[in-house]
Amino acid sequence: MVSETVPTSWLVYCRPGFESDVLAELQHHAALQGIACESSHGEGWVSLTRVDGEAVNDLHRQAAFKKLIFARQSLAALPALTLSRDDRLTAILEQVKASRWSFEEIWHETPDTNDGKALAGLIKALTKPLESMLKKRGALRRSAGARRLHIFWTDGDQVQLAMSFPGNRSDLINGIRRLRFPSRAPSRSTLKLEEAWHEFIPRDEWDVRLAPHMQAADLGAAPGGWTWQLVQRGMYVYAIDNGPMESQLMKTGQIDHLKEDGFTWEPPQRLDWLVCDIVDKPVRVLAMVERWLIRKWCKEAIFNLKLPMKKRWDEVTRCLTALEESLEKAGVHANVSCRHLYHDREEVTVHVRLRD
């Protein structure tokens with residue numbers, strides 16, 4: 001029997017259309033711990049519930065959020081509630097009381113869909129009354145270990161309460177990093193690299209790891225969306241592409257545009273950065289990046305892997321496993337991370353930092 005007062009579900013947000021990929025990833029982690037689960041999902045979210053009705057805390061903690069690929073948010077959730085449209089607050093208050101949860105913040109969230117966005121008015125009307133009631137009951141308080149209550153609305157009368165914990169969650173509403181498109185950038189792809197920096201590099205390390213006067217290569221650079229980001233950081237860039245670069249970008253004097261094949265070009269010396277957003281088969285891009293890393297032509301790399309329409313989790317894990325095995329065989333020590341970022345589409349972004 002499923003308990004109404006302990007978190008028996010692992011609730012994860014994702015990009016709509018990627019539910020099967022998130023589910024495959026969550027089931028993989030559950031299987032590693034020998035935990036039997038049942039799944040449910042809607043557009044933009046997946047929930048994994050333990051069959052034995054036990055708390056999901058261990059499963060949620062062991063599968064660290066930073067190591068998940070397709071998840072935008074990772075939460076320990078109570079059973080979903082169906083609310084009365086005449087009184088939506090009472091059921092929420094009663095479940096919080098029964099759970100004995102305490103928290104410092106309340107975030108109301110919805111799936112990243114038009115239906116989810118349509119709930120904004122209702123949520124706004126309920127936010128202040130609910131916060132006031134939870135403060136009076138002592139659940140919402142100043143000192144509660146930085147825990148956060150997430151109230152996930154899938155409809156006007158369907159909601160699920162979940163908890164997140166510092167160091168094992170996204171600290172962005174809905175797990176989405178919304179960036180403003182720079183009007184001077186040559187293409188919207190520029191946001192992919194900017195988001196990748198936010199995701200993989202701590203902000204207090206940017207001045208060292210993304211420093212002026214560093215040297216970088218952008219393979220498949222045209223028209224220059226990723227090169228633009230590198231130039232904005234003050235870097236000198238080898239832009240490798242047979243296609244044309246944006247004219248205003250070239251006027252910066254920080255770019256050497258070489259009309260060569262990014263798959264075969266070799267740098268004249270070791271560079272600080274390799275970036276690549278080439279649209280090609282993952283296995284081909286991976287082979288190219290492996291060559292750069294094994295020969296230590298760069299210190300850090302960010303590149304995208306374009307994914308098939310089906311079994312994307314299988315493809316990603318195959319690619320990452322192959323990369324890590326190749327580096328290990330070559331005696332190259334590196335940290336490898338991978339995420340399906342908000343500004344990605346049918347692709348994932350991989351970051352590699354060499355340790356020697």
Side-chain angles (χ1 to χ4, degrees), residues 2-4 6-33 35-65 67-83 92 95 107-119 123 149-164 168-170 172-176 307-317 338-342 344-348:
V2 176
S3 170
E4 298 291 327
V6 298
T8 56
S9 296
W10 184 11
L11 176 62
V12 167
Y13 308 161
C14 65
R15 174 183 292 280
F18 282 74
E19 294 82 11
S20 61
D21 309 293
V22 174
L23 179 58
E25 186 172 14
L26 301 192
Q27 289 175 330
H28 167 77
H29 288 285
L32 289 178
Q33 298 185 52
I35 298 175
C37 296
E38 296 175 339
S39 66
S40 59
H41 72 273
E43 195 174 6
W45 62 272
V46 170
S47 179
L48 215 60
T49 303
R50 291 185 60 145
V51 173
D52 57 15
E54 294 295 320
V56 76
N57 293 358
D58 288 343
L59 177 56
H60 173 260
R61 282 195 297 265
Q62 290 296 324
F65 174 69
K67 293 183 179 180
L68 297 177
I69 295 171
F70 291 102
R72 289 181 174 176
Q73 183 61 280
S74 180
L75 308 169
L78 296 170
L81 294 173
T82 298
L83 309 177
I92 295 174
Q95 193 175 52
W107 281 12
H108 293 267
E109 296 174 309
T110 65
D112 184 26
T113 62
N114 290 332
D115 289 342
K117 294 170 186 175
L119 297 171
I123 292 171
L149 176 67
H150 296 251
I151 303 180
F152 185 59
W153 297 82
T154 54
D155 204 342
D157 58 359
Q158 299 292 324
V159 71
Q160 191 162 15
L161 307 188
M163 187 74 77
S164 70
N168 194 25
R169 65 188 179 197
S170 169
L172 302 167
I173 292 286
N174 287 332
I176 293 174
L307 301 178
M309 295 302 293
K310 296 182 179 179
K311 295 187 176 181
R312 290 173 283 213
W313 161 251
D314 293 340
E315 180 71 0
V316 170
T317 53
C338 179
R339 299 286 289 179
H340 184 218
L341 302 177
Y342 176 68
D344 287 339
R345 301 300 181 192
E346 299 295 328
E347 63 207 353
V348 291

For residues 38-45, tabulate all N or O donor-acceptor pairs below 3.5 Å that involve a side-chain atom, not counting sequence neighbours.
none

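Counting only distance, with no hydrogens or angles, the side chain of His340 and the backbone of Glu346 share no donor-acceptor pair below 3.5 Å. Formation of a donor-acceptor pair under 3.5 Å by the Gln33 side chain with backbone atoms of Ala63 is not found in this model. Between the side chain of Asn168 and the backbone N or O of Phe65 there is at least one donor-acceptor pair closer than 3.5 Å.
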Dump the intermediate steps for side chain to side chain contact (heavy atoms under 4.5 Å, CB included) on Trp153 and Leu83, then the final yes or no. CA-CA 11 Å; Trp153 297 82; Leu83 309 177; 3.7 Å; yes
Go through the steps to decide whether Glu315 and Lys311 satisfy the test side chain to side chain contact (heavy atoms under 4.5 Å, CB included), and finish with yes or no. CA-CA 6 Å; Glu315 180 71 0; Lys311 295 187 176 181; over 6 Å; no
Check against side chain to side chain contact (heavy atoms under 4.5 Å, CB included), Val316 and Phe70: CA-CA 10 Å; Val316 170; Phe70 291 102; 4.0 Å; yes
Does the pair Ser74 and His60 meet the rule for a side chain to side chain contact (heavy atoms under 4.5 Å, CB included), with working shown? CA-CA 8 Å; Ser74 180; His60 173 260; 3.4 Å; yes
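Nearest heavy atom pair, residue Arg312 against residue Met309, reads CZ-O, 3.7 Å. Contact between Asn174 and Glu109 at its shortest, heavy atoms only, is N-OE2, 2.7 Å. When all heavy atoms of Leu75 and Ser164 are compared, the closest pair comes out as CD2-CB, 3.5 Å. Here the closest heavy-atom approach between residue Gln160 and residue Ala77 is recorded as NE2-CB, 3.6 Å. Between Ala30 and Leu48, the shortest heavy-atom distance links the atoms CB-CD2, 4.1 Å. When all heavy atoms of Ser9 and Val56 are compared, the pair lying nearest together is O-CG1, 3.3 Å.
Qualifying ring pair (Phe, Tyr, Trp, His ring centres under 6.0 Å) partners for His150, counting only residues two or more places apart in sequence or in other chains: Trp107. Under the side chain to side chain donor-acceptor pair (under 3.5 Å) criterion, Asp112 pairs with Arg72, not counting sequence neighbours.
Cation-pi check for Arg169 over Tyr13 is not met; the charged atom does not lie both under 6.0 angstrom from the ring centroid and within 45 degrees of its normal.
Atoms NE2 and CD1, from His108 and Ile123 in turn, are 7.0 Å apart once rounded to the nearest 0.5 Å.
In this model, a donor atom of one side chain and an acceptor atom of the other lie less than 3.5 Å apart for Gln158 and Thr82.
By the 4.5 Å heavy-atom criterion applied to side chains, Glu19 and Cys14 are counted as neighbours.
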